[in-house]
Amino acid sequence: MNIFLTGLMITMCFSGMGITQELYIKPFNIPDILNYKTLKCDFHIHTIFSDGKVWPDIRVYEAYKEDLDAIAITDHIEHRPFSNDVKSDHNRSYEIASVAGKETGITVIKAAEITHKMPPGHFNAIFLKDSNPLDTANYMAEIEIASNQGAFIFWNHPSYPHPENKELWSDVHQLIFDNGWMHGIEIVNSKYYYPKAHQWCLDKGLTMIGNSDIHPPITFDYDFQKGEHRPMTLIFAEENNKKSIRNALDSQRTAVIWNGNLIGKETYLKNIFKNSISIDHSDTIVDFINQNTAFIKIKNNSSISYHLKLLGAPQHIDAPKNLTLKANNISVLVVKANNNSQTPTQTAGLDYQITNLWLSPSERLNIKIPLLVLTDQTN
Ligand SMILES: [Zn+2]
Ligand SMILES: [Zn+2]
């Protein structure tokens with residue numbers, strides 16, 4: 001009863017803030033791409049209905065305040081340390097959260113965490129119809145039941161709970177994969193990135209997922225004042241609804257944002273960067289006939305800072321070796337003619353690598369900043 005009242009009071013307090021417009025949300029801007037909406041999602045969240053420390057509706061309000069679009073509440077089937085105090089079935093945390101979801105417009109997806117020692121470790125089943133039949137204590141049976149319910153199933157934090165914290169693809173994982181029961185892997189969980197899992201997703205056609213796996217209140221782990229955010233799965237979906245999110249997951253239309261890095265396939269990362277940035281076109285004409293230096297304004301309309309490293313510039317141009325396009329800022333790229341300028345008017349480009357856009361564990365996204373260079377042949 002006390003827990004219920006606490007939850008209710010926080011709900012009312014939150015609603016009150018919304019009504020009186022005292023609630024401010026700092027937008028977390030990531031552009032839409034390729035005619036899809038970019039949805040910010042966290043598909044791995046705990047509440048006191050397993051080993052989290054938070055009532056389920058608070059998880060929705062936390063997501064709302066962080067400018068997310070969709071979440072899944074994934075309480076453990078097997079690990080429920082507060083079950084003497086919180087007596088309920090496995091669907092209850094979803095039911096509570098989904099009421100707050102309707103209030104706020106956050107899409108809440110029914111889910112559960114299948115929790116066993118390695119192998120196979122922990123798996124999230126999201127888009128479940130009913131979480132209760134999973135409570136069988138047999139991991140293969142649980143995963144099969146989830147699959148028969150049409151769930152989207154992914155392997156969580158793939159090095160845990162391996163005794164040596166290793167990412168190992170075992171025979172059990174192969175069997176789950178061969179049965180068509182593994183659809184994705186967390187390449188990021190909380191503060192950790194899993195390079196092997198990233199490569200497995202690329203090699204085996206699995207969906208890349210990144211989640212918080214949050215247990216305490218979200219602000220215990222992430223300082224929004226400093227610009228920190230939980231890791232998220234970016235979903236490129238037709239609409240913000242369950243069907244579109246599911247289509248995107250099934251089609252591997254995802255990327256992962258973690259610790260200021262964006263991880264995903266080239267087509268998604270390239271378009272997120274392209275749609276984040278605007279360059280004043282007149283400024284990209286570098287007039288070396290009348291002046292020696294050009295200032296090029298680059299506006300970054302997104303909440304992601306991009307870190308650029310120079311790979312190459314035309315012979316007659318000096319450009320900065322490193323440049324950060326700060327989130328929600330205008331950066332100035334200063335380009336200079338060097339003394340060996342012999343080149344006539346031409347189009348040229350500066351080749352940069354974006355060091356925080358990751359295509360694979362070792363590859364980064366390369367881009368070209370186009371320039372129209374005006375130079376005097378005799379100079
Ligand atoms: Zn887990
Ligand atoms: Zn978990």
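Heads up: numbering here begins at 1 and tracks the sequence. Numbering of ligands and ligand atoms starts at 1, following listing order. Values reported hereafter were calculated over all heavy atoms of this structure, with side chains retained and with hydrogens, waters and symmetry mates removed.
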* Asked: Looking at Asp213, which of its N, O or S atoms is the nearest one to the Zn ion (ligand 2)?
  -> OD1
* Asked: Is it true that some N/O/S atom of His122, main chain or side chain, lies under 2.8 Å from the Zn ion (ligand 1)?
  -> yes
* Mind listing the closest non-hydrogen atom pair of Ser131 and Asn91 along with its distance? => N-OD1, 2.8 Å
* Asked: Got more than 12 heavy atoms from elsewhere within 6.0 Å of CG, Asn322?
  -> yes
* To do: For side-chain hydrogen bond (donor to acceptor under 3.5 Å, both in side chains), just list the numbers for His215 and Asp51, CA-CA rounded to whole Å, side-chain angles, deciding distance to a tenth of an Å, and then say yes or no.
  => CA-CA 7 Å; His215 287 73; Asp51 58 346; 3.1 Å; yes
* Asked: By atom name, which N, O or S atom belonging to Glu113 lies closest to the Zn ion (ligand 2)?
  -> OE1
* Lys/Arg cation over aromatic Tyr36: Arg253, 6.0 Å, 45° cone -> yes
* His76 near the Zn ion (ligand 1) via N/O/S, less than 2.8 Å -> no
* Asked: Should the heavy atoms of other residues, nucleotides or ligands under 6.0 Å from NZ of Lys242 be counted, would the total exceed 12?
  -> yes
* Structure fact -> To the Zn ion (ligand 2), the closest N, O or S atom belonging to His46 is NE2
